[in-house]
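This report refers to the structure that appears directly beneath it.
In what follows, chains carry the letters A, B, and so on, assigned in the order in which the sequence lines appear, proteins first and then strands, with residues in each chain numbered from 1. Keep in mind it's a predicted model, so treat the numbers as computed, not measured. Below, each value reflects all heavy atoms present in this structure, side chains not excepted, and no hydrogens, waters or symmetry copies.
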There are 2 protein chains.
Amino acid sequence: MVKKSGRPAYLQIADDLREQVRGGSLAPGAPLPSTAQLAEQYDASLSVVKMAVGILRNEGLLIGQQGKGVFVRDEESSESGQGTAVDLVNEVIELRTAVRDLSERLAQVESTLSERSDR
Amino acid sequence: MVKKSGRPAYLQIADDLREQVRGGSLAPGAPLPSTAQLAEQYDASLSVVKMAVGILRNEGLLIGQQGKGVFVRDEESSESGQGTAVDLVNEVIELRTAVRDLSERLAQVESTLSERSDR
DNA sequence: CAGGCCAACTAGGTCAACTATGTTGGTCGC
DNA sequence: GCGACCAACATAGTTGACCTAGTTGGCCTG
């Protein structure tokens, strides 16, 4: 990261990675270099790399798996945070099923708890 | 931040602030407490507060002004592209984090229960 | 009184170190 | 061969420090 623009390093790295994903140079499902390797590659500290990855992880573009690595998200969506309406719809569908799942599991747990505490 | 959920502190703080904005307890244009005050208020380090603010800043919900403070985005301050869609996006983001949080807590409870019934 | 300087705040960025946790591969003893 | 163990590596989270830069208000000098 030698670019001397006023733009902070962690944003430059995030931009670069985002572009690599969009450009196909990092295919969906493919692993990124390790944090340490990226740090060396961009000539930045571990912290700024972790920040950059954190942003893209927050945007849903990357998925980090502890102990294994960071991977480009496959499946739908991608496209940066504030995406199209289609992304939003998909997100809502996901959330709806997630809520239904949670409700069922909660009911299960609750009944188990009340049974046990009753006696 | 004393909540003992598995959710990391910087996300809990981000969620809380996001909710305060949506709930109107932090009006558009209003300033947030200083970083140091927030850190004390949440009983967290400066770093995690800065991280939380950074996320919301990245989401466009907050606007930081160096030397002055951090303010809740004021409707049409800066373009921010989609206008009304931003509200929906924020709502979805909030729901997503809420679901993730609940999911983790449920998983915690479930594993505790199954452990206990094992013996 | 006016102007300028300075100290005390603010946010933002970067770095280094530590902990926790998960994955993987190799070695050692049986 | 197989299981237990262990070392090396990975992400993730947290903390504390240091530096930059903008803003504000008060104090002091001319």
Search all heavy atoms of [X] against all heavy atoms of [Y] and return the closest pair with its distance.
X: B:Ala14; Y: B:Ala52; value: N-CB, 3.8 Å
X: B:Ala39; Y: B:Leu46; value: CB-CD2, 3.8 Å
X: A:Arg7; Y: A:Gln12; value: O-NE2, 2.6 Å

May I have the distance from [X] (atom [atom1]) to [N] (atom [atom2]), rounded to whole angstrom?
X: B:Leu62; N: C:dA11; atom1: CG; atom2: P; value: 12 Å
X: A:Ile63; N: D:dA12; atom1: CD1; atom2: C1'; value: 15 Å
X: A:Ile13; N: C:dG13; atom1: CD1; atom2: C1'; value: 12 Å
X: B:Leu11; N: D:dA12; atom1: CG; atom2: C1'; value: 11 Å
X: B:Lys50; N: D:dT14; atom1: NZ; atom2: P; value: 15 Å
X: A:Leu46; N: C:dG13; atom1: CG; atom2: P; value: 19 Å

Checklist line | Which residue lies more 5' along DNA chain D, comparing B:Gly67 with B:Tyr10 via nearest heavy atoms | finding: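 Comparing both residues, the 5'-ward one is B:Tyr10.
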Note to self: Suppose we call a contact any N or O donor and acceptor under 3.5 Å apart; does that hold for the side chain of B:Gln66 and the base of C:dT10?
What the structure shows: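 Donor-acceptor pair under 3.5 Å: no.
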[options]: which one has an atom nearest the side-chain heavy atoms of [X]?
X: A:Lys68; options: C:dG13, C:dT24, D:dT11; answer: C:dT24
X: B:Pro8; options: D:dT14, C:dG12, D:dT15; answer: D:dT14
X: B:Ser47; options: C:dA16, D:dT15, D:dA12; answer: D:dT15
X: B:Ser34; options: C:dA11, D:dT14, C:dT14; answer: C:dA11
X: B:Ala9; options: C:dC15, C:dG13, D:dT14; answer: D:dT14

Next item on the list: Answer yes or no: does atom CD of A:Glu40 have more than 12 heavy-atom neighbours from other residues, nucleotides or ligands under 6.0 Å?
Entry: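 No, because the 6.0 Å sphere around CD of A:Glu40 holds 12 heavy atoms or fewer from other groups.
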Check: Between A:Arg7 and C:dG13, does any side-chain N or O lie under 4.0 Å from OP1 or OP2?
Finding: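 No, outside the criterion.
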Check: Is any side-chain nitrogen or oxygen of B:Arg57 closer than 4.0 Å to OP1 or OP2 of C:dG12?
Finding: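 For C:dG12, OP1/OP2 do have a side-chain N/O of B:Arg57 under 4.0 Å.
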Next item on the list: Can you pull out how bent the helix from C:dC1-D:dG30 to C:dC30-D:dG1 is, comparing the axes over its first five and last five pairs, to 10°?
Entry: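 Taking the rotation axis at each end, their angle is 30°.
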Note to self: With no hydrogens and no angle check, just 3.5 Å: does a side-chain donor-acceptor pair link A:Gln20 and A:Asp16?
What the structure shows: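 Side chains of A:Gln20 and A:Asp16: pair found under 3.5 Å.
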Next item on the list: Please answer: with hydrophobic residues joined when any side-chain heavy atoms are less than 4.5 Å apart, are A:Phe71 and A:Val49 in the same cluster?
Entry: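 Hydrophobic grouping puts A:Phe71 apart from A:Val49.
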